[in-house]
Amino acid sequence: MKKVRKELLVTCEKGKCRLALLEDGEVAEVYIEKSRKRSIVGNIYVGRITNVLPGMSAAFVDIGVGKNALLYLQDLVLMEDGSHVRPRKIGKALKSNDTIVVQVTKDPMSGKGARLTTYLSLPGRLMVYMPKSRRSGVSRRLPERERERLRRLVKDIKPGEGSSIIRTAALKARKKDLQDDLDYLVNQWESTCKKIKGAKPPTVVYQEPDLAVRVVRDTVTRDFKSVLVDSKSEFNRIKEYLSRTAPELKDRVQMYKEKQPLFSRYGVDKAIDAALRRKVSLPSGGHIVVDEAEALTAIDVNTGSYTGKKSLEDTVLKTNLEAAVEVVRQLRLRDIGGIIVIDFIDMENPENRAKVLETLETELDRDRTKTQVVTLSELGLVEMTRKNVTEGLADTLGKTCPRCEGRGLIFE
């Protein structure tokens, strides 16, 4: 994959920050969080079991955030005698009014409560520490030679209990860097354990940092060109965080001082406006249409005004290739999750179908969110899934129209 020029923009006003990730000058991802709807993903709670549902292999847990959260059997791992034990029936492991330590893996959305796990993890910049696990690993996004180097390094860097996974940001990291990151996470866990001992459910015992620091921690790596910030206080906070966790990157944080608003200057506002529309144009004149439902998103590809010059197959191929790139861009920009069905234009040549699928998968390699693609069918349909963690851009910025109830129709 060719090297991509990355920049992070951080704009703050009235105590609220918005962030945008640029790749080769184009807006790739946007991070927006409403103050009243701050994400709770990653937070650890001491909760109380309110109801056990054997028929669903799940339990409802009160964690103090409104609607009860859901813990499925598949996300329940108990530690007994130092080894993992996953119970076969949830009713044998949990009872109503039991106290349980859980971590949020998915925000409340679409009227549903948060999703929980007992498989706890604390993310740092270079490593993820899992205090109740024995499974270690290295990010698969790193080159194989670098993965081997890091595996050799971490043989001597092991926590007293639990295990760790090395993140993509650890590219070219030194042994001392990894050790410092792990020590910080172990101290965080020890502090969390002290809170757990004295906590009465429901109580939060570990809270993820605010949006700006969280995004910097999870996305900014050595290949970033710059981090532009238009708020002095946020500039200092990000600098302070990187000074402690990645001193070699702190000089890439720059203060934005121009009069034109940061998001306007780099075209982020326009990209957000376009991402809230149903129809998105393609370079050659075609377009895609994005229709989002609660658990499924349908994306239709059309040639539009593009008529081509050689043949129908060539016209369709070019449109589909452009659409494959734009579809992934829209998935990331809108933060669409769940089941996604892409209706590419029919192609008779199997080699052309393979080219479109290859382009789609290559573009998805840039996406940090977990995706899974099913083979492109003869009808031009691609079925895929993208992990759903938080509400998408449309739900964050807007709400369902009370008159048409989100159907886009007004009945007379």
Q: Got a sec: does the CD of Glu144 have more than 12 other heavy atoms crowding it under 6.0 Å?
A: yes

Q: Could you state the interatomic distance from OG1 (Thr221) to NZ (Lys172), rounded to the nearest 0.5 Å?
A: 11.0 Å

Q: Main chain of Ala275, side chain of Arg334: is a donor-acceptor contact present, judged purely on distance under 3.5 Å?
A: yes

Q: For Leu296 and Ala298, which heavy atoms make the closest approach, and how far apart are they?
A: CD2-N, 4.0 Å

Q: Is there a side-chain contact between Met109 and Asn388 (heavy atoms, below 4.5 Å)?
A: yes

Q: Just wondering, do Met384 and Ile342 contact through their side chains at under 4.5 Å, heavy atoms?
A: yes

Q: Determine whether Lys176 and Asp180 satisfy the following criterion, salt bridge (charged side-chain N to carboxylate O under 4.0 Å, His left out), listing intermediate values before the conclusion.
A: CA-CA 6 Å; Lys176 182 181 183 302; Asp180 289 347; 2.8 Å; yes

Q: Judged by atom type as modelled, is there a donor-acceptor pair below 3.5 Å linking the side chain of Arg167 to the main-chain atoms of Gly124?
A: yes

Q: So does Asp365 pair up with Arg141, basic N to acidic O under 4.0 Å?
A: no

Q: I'd like to know if the side chain of Ser164 and the backbone of Tyr129 have a donor-acceptor N/O pair within less than 3.5 Å.
A: no

Q: Do you know the tightest heavy-atom contact between Ala324 and Phe344?
A: N-CE2, 3.9 Å

Q: Step by step, would you call Arg217 with Glu208 a salt bridge (charged side-chain N to carboxylate O under 4.0 Å, His left out)?
A: CA-CA 11 Å; Arg217 179 194 69 193; Glu208 280 279 86; 2.6 Å; yes

Q: For the atom pair CG (Leu171) and CZ (Arg147), what is the distance rounded to the nearest 0.5 Å?
A: 13.0 Å

Q: Would Arg174 and Glu248 pass as an ion pair if we require N to O under 4.0 Å?
A: no

Q: Between Lys132 and Trp189, is a side-chain contact (heavy atoms from CB on, under 4.5 Å) present by the stated rule, with each step listed?
A: CA-CA 11 Å; Lys132 299 293 184 179; Trp189 174 242; 4.2 Å; yes

Q: Counting only heavy atoms not in Glu383, do more than 12 fall under 6.0 Å of its CD?
A: no

Q: Does a salt bridge link Glu240 with Arg237, judged by any charged N lying under 4.0 Å from a carboxylate O?
A: no

Q: Side-chain polar contacts of residues 4-12 - donor-acceptor pairs under 3.5 angstrom, sequence neighbours left out - could you list them?
A:
from	atom 1	to	atom 2	distance (Å)
Arg5	NH1	Glu7	OE1	3.0
Thr11	OG1	Asp230	OD2	2.6

Q: Test of understanding: with side chain to side chain contact (heavy atoms under 4.5 Å, CB included), list the residues that count as partners of Glu258, not counting sequence neighbours.
A: Tyr256, Arg265

Q: Can you tell whether the side chains of Arg149 and Glu146 come within less than 4.0 Å, N to carboxylate O?
A: yes

Q: Before you tell me yes or no, could you show the steps for Arg115 and Asp107 under salt bridge (charged side-chain N to carboxylate O under 4.0 Å, His left out), namely the whole-Å CA-CA distance, both residues' side-chain angles and the distance that decides it to 0.1 Å?
A: CA-CA 7 Å; Arg115 179 86 175 258; Asp107 276 327; over 6 Å; no

Q: May I ask you to say whether Arg214 pairs ionically with Asp218, meaning some side-chain N is under 4.0 Å from a carboxylate O?
A: no

Q: Can you confirm whether Met347 sits close enough to Leu317 that some side-chain heavy atom of one is under 4.5 Å from a side-chain heavy atom of the other?
A: yes

Q: Which distance, rounded to the nearest 0.5 Å, do you find between the CD of Glu29 and the CG of Leu333?
A: 9.0 Å

Q: Would you check if Val205 and Cys193 make a side-chain contact, meaning some heavy-atom pair closer than 4.5 Å?
A: no

Q: Just do the side chain to side chain donor-acceptor pair (under 3.5 Å) check on Asp269 and Ser264 with the steps written out, would you?
A: CA-CA 6 Å; Asp269 288 332; Ser264 175; 4.9 Å; no

Q: May I ask you to test the Thr203-Lys195 pair for a side-chain heavy-atom distance under 4.5 Å?
A: no

Q: Nearest 0.5 Å, please: how far is CZ in Phe224 from CG in Leu22?
A: 9.0 Å

Q: A quick test of your reading: do over 12 heavy atoms of other residues, nucleotides or ligands sit less than 6.0 Å from CD of Glu148?
A: yes

Q: For Ala170 and Leu178, work out which heavy atoms get closest and say how close.
A: CB-CD2, 4.1 Å

Q: Do Val61 and Leu70 make a side-chain contact, defined as non-hydrogen atoms from C-beta onward lying under 4.5 Å apart?
A: no

Q: Validate the cation-pi geometry between Arg244 and Tyr184: distance from NZ or CZ to the six-membered ring centre under 6.0 Å, angle to the ring axis within 45°.
A: yes

Q: Which pair of non-hydrogen atoms, one from Gly267 and one from Val27, has the smallest distance, and what is that distance?
A: O-CG2, 4.1 Å

Q: Measuring only between side-chain heavy atoms, which start at C-beta, is Ile299 closer than 4.5 Å to Leu331?
A: yes

Q: Just checking Lys250: does its NZ atom have more than 12 heavy atoms from other residues, nucleotides or ligands closer to it than 6.0 angstrom?
A: no

Q: Any side-chain heavy atom of Tyr119 within less than 4.5 Å of one from Gln103?
A: no

Q: Answer yes or no: is there an ion pair linking Asp273 with Lys270, defined by an N-O contact shorter than 4.0 Å?
A: no

Q: List the steps and the verdict of side-chain contact (heavy atoms from CB on, under 4.5 Å) for Tyr45 and Val65.
A: CA-CA 10 Å; Tyr45 296 84; Val65 294; 3.8 Å; yes

Q: Any ion pair linking Lys175 and Asp156 (charged N to carboxylate O, less than 4.0 Å)?
A: yes

Q: Please report the C-alpha distance between Leu142 and Leu150 in whole Å, then the side-chain angles of each, then the deciding distance to 0.1 Å, and finally whether the side-chain contact (heavy atoms from CB on, under 4.5 Å) criterion is met.
A: CA-CA 10 Å; Leu142 290 167; Leu150 291 169; 3.5 Å; yes

Q: Starting from the C-alpha separation in whole Å, work towards a yes-or-no answer on salt bridge (charged side-chain N to carboxylate O under 4.0 Å, His left out) for Arg386 and Asp367.
A: CA-CA 10 Å; Arg386 188 172 186 269; Asp367 191 0; 2.7 Å; yes

Q: Roughly how far, to the nearest 0.5 Å, is the OG1 atom of Thr385 from the CD atom of Gln372?
A: 5.0 Å

Q: Would you name the heavy atoms of Thr245 and Pro247 that are closest together and state the gap between them?
A: C-CD, 3.8 Å

Q: If I take atom CD1 from residue Ile288 and atom CZ from residue Arg329, how far apart are they, to the nearest 0.5 angstrom?
A: 9.5 Å

Q: Quick one: closest heavy-atom pair of Leu71 and Leu116, and the distance?
A: CD1-O, 3.6 Å

